[in-house]
Each structure stands twice: as C-alpha cells, then as structure tokens.
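What follows is one structure encoded as structure tokens, with my remarks underneath.
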Amino acid sequence: MEIKITKTKKSKIHEVDMNNIPFGQVFSDHMFVADYKNGEWINAEIKPVENLSLHPANLALHYGQSVFEGMKASVKRDGTPCLLRPEMHAKRINLSAERMCMPAIPEELFLEALHKLVGLDSDWIPPHDGSALYIRPYMFATDEYLGVRPSKSYKFIILTLPVGPYYTKPVSLKAETQYVRAAHGGVGEAKAAGNYAASLYPAKKAVEEGFDQVLWLDAKEFKYVQEVGTMNIFFVIDDVVVTPQTDGTILKGITRDSFITIFKDHGYKVEERLVSIDEIFEAAEQEKLSEVFGAGTAAVVSKVHKIHHDGREINLDTKSYKVADLAYDIITGLRNGTVEDKYDWIVPVEVLEAV
Ligand code: COI
C-alpha cells in the first residue's frame, strides 16, 4: 500500500534536551496513521503529530478493544539507525489483535510504516547508550456504537518518542496476594490496554506501601510467579537462569526471548518453568539466589533489590549482579553496533529527508 507522507514544516527537535528525557512525555515530529474500514486497511499516512477527533461513542473507549506494542530504534556508532527484531513485534501485535477480536495488520504494512517513520525522524534517536527512540504501534476500535460487539472499523497508529531509561534505579517488588493480573483462559498473553488498566489499582496500593511495582502471582493459588506487568522476570538460582514459562497468562516478551538466547549462548543453563514464590524465598535463605531482574523493551534490564511477600522480605545486593549486566551489555552492544550481530536481529533503517 502507498504511504502518503506529509512532512512537518518546522521540526520541534531543538526544543528537546536529548541528555535529559523523561519516559513517555516527549514526542517526535511525525506519526503514522491508517484506517481499517470495510475489511481493508486504507488511508496509510505519515504526518505531523496531531490530535485525533473521535466520536464520544467510540467503541474502544467503552469496551476496551485496544492493543499495542513497545519497540525501540537505536543508532549505531557509525550513525546507522536500526531496529531490533521488528518482525517479532509485527507478529505479536497480530496475536494480541486476534485475542481481542480485531483485524490483523499486514506485516508488510507494519514494517514499511515503521521503517518510513523511523527513517524520517531518525534525528530523534538519542545516541547515548541506555536511551533510544521508543516506538509505540497501537490499534484501537473506532466504531461509533454502544452495543457490545467487535468493532468493524479500527485505527492503527505509530508514535515515536525519544526516551531515557524507564527505571532509573533498582526496584522493589511486592508479590501480590490479593489481586491478580491474569488467569488461564484470560487475556494475560495479549498486549491489551485493559491488562495495564487492571494493574493500576494494585500497583497504586503497592506504591503506598513503599514498593515500586507488583510481582504478579498465579490467579488460582497465589503460588507461582508470573511477571511484573511492565516487564518479565528472571531469577538466578545456583548459577541457573530461571524464568516463568509462558503459559498464556504472561506476556511472551521479545526482550525475554532475546535474553534467553543470549544467556544460553554464554553458557548459562536456562530454565523456563513454573517458579513458586516459596522456591525464591527458600533459595534466598540458602544463599542460592544471586540475582532478580526484569526484562522488557522499555525497562531493558531492571535490577530488583527487594521482594516482599506476605510479611517476609528478600534483600539483594544488585552491585554484584553479573547475569543482568551481561544481558544489558549485549543488547546495548547490538544496538550501538559494538557487538557483532550473530543472531541477525538488527535491521538497518534508511534515513529519509525530514523537513
Ligand atoms: C514495553 O516495554 O515496551 C512496554 O510496553 C511496557 C510498558 C512501558 C507498558
């Protein structure tokens, strides 16, 4: 499909301090928009970021048909902008869409829109390690209708934002014993907006109790660890890297998948399996738990310094973490071109004339 491009007349890039960018607040010059109507994607366009006009009966606002992705563009030391495993994100948004009864986005459209948009706003990619151009592809229902049924029309939008680190210091987690994120048969595996809305109240209570985030446990027994919501979770027990298996209740993280490959490649034994919260506390008691960290596109690697569960607590010295640092160094090195891309994950983006 032809993507119409309308460039901004005046870039806002000079208003931004690329050395000091809070996550999620600063947007680059352009966005991609396409509409789904009568069974096909139409009106594909890149244009200056502008407000949307929506009817108050917009279905997504009422019943939550809305899915998204999180990706990052970085720039190599030689100046080439690049993406990491973009085709994985193209596939995953369609899995989320299927679960939410939404149409698929053709992978070619997703990837071409991404390349053109990032190519046009490539000056917005912060060059420092740990910073990146965060990319937010998302799709939501646009029917003007208040009956509960799948929408017939949708919008697919891609926004890009220069960002610094999501978590700027090690985090503390409260293992949740009252609220749940996802049950078997639910939508936990989909990157659906509602999963994040449902996590806000328990997360707010956790913050009021002095923790940074919630560590979700399974919905049936409150026994097995799932994920953190903003990231997947890894443990290092007796030098073995352990992470909860994806069983339909947790997000199939692409960073999670990359880390598993990197760890195996560096000689670590990696186990994807059920991990009970009791096993984590026993391992800590026996001094076998050496690291706990989160993995996500936004978070990259986020070290955990404390886990609280039902009145007991584990405290960890994050300065001694080696496995988390390895993951960070390899992902950062792949992104900036200083680590050889033997996995074929890095895809260069052609720079387009911006203004
Ligand atoms: C990401 O890591 O990209 C996410 O989507 C998590 C989050 C910031 C909601």
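Each ligand, and each atom within it, is numbered from 1 in the order the structure gives. Scope of the values below: all heavy atoms of this structure, side chains included, with no hydrogens, waters or symmetry mates. Everything numeric here is computed off the predicted structure, so don't read it as measured data.
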(request) Indicate, with yes or no, if the rings of Phe235 and Phe293 have centres closer together than 6.0 Å. (result) no
(message) Do the side chains of Lys288 and Glu279 get close enough for a salt bridge, i.e. N-O under 4.0 angstrom?
(response) no
(request) Check Lys191 against ligand 1 and report side chain, backbone, both or neither, counting heavy atoms closer than 4.0 Å. (result) side chain
(request) Would you indicate which of Thr230, Val163, Ile254, Val300 comes nearest to atom 6 (C) of ligand 1 when only heavy atoms are counted? (result) Thr230
(message) Can you name the atoms of ligand 1, numbered from 1 with element, that are less than 4.0 Å from a heavy atom of Tyr196?
(response) 9 (C)
(request) Decide whether an N or O pair under 3.5 Å exists between Ala298 and ligand 1. (result) yes
(request) Answer yes when Arg181 and Glu227 have at least one side-chain N-carboxylate O distance shorter than 4.0 Å, and no when they do not. (result) yes
(request) Taking only heavy atoms of Gly70 into account, list the atoms of ligand 1 that are under 4.0 Å away from them. (result) 3 (O)
(request) Check ligand 1 against Tyr134 and write out every atom of the ligand that is under 4.0 Å from a heavy-atom position of the residue. (result) 1 (C), 3 (O), 4 (C), 5 (O)
(request) Return yes or no for this condition: an N or O of Glu69 is under 3.5 Å from an N or O of ligand 1. (result) no
(request) Answer yes if the side chains of Asn315 and His305 hold a donor-acceptor pair under 3.5 Å, and no otherwise. (result) no
(request) Flag the pair Phe140 / Tyr154 as yes when their ring centroid distance falls below 6.0 Å, and as no otherwise. (result) no
(request) Run the numbers on Phe68 and Tyr196 for ring pair (Phe, Tyr, Trp, His ring centres under 6.0 Å), then give the verdict. (result) CA-CA 11 Å; Phe68 70 95; Tyr196 296 79; 5.0 Å; yes
(message) Using heavy atoms and a 4.0 Å limit, tell me yes or no: is Arg136 in contact with ligand 1?
(response) yes
(request) Could you tell me which atoms of ligand 1, counted from 1 in the order shown, lie closer than 4.0 angstrom to a heavy atom of Phe68? (result) 5 (O)
(message) Less than 4.0 angstrom from a charged side-chain N to a carboxylate O is my criterion; do Lys342 and Glu340 meet it?
(response) no
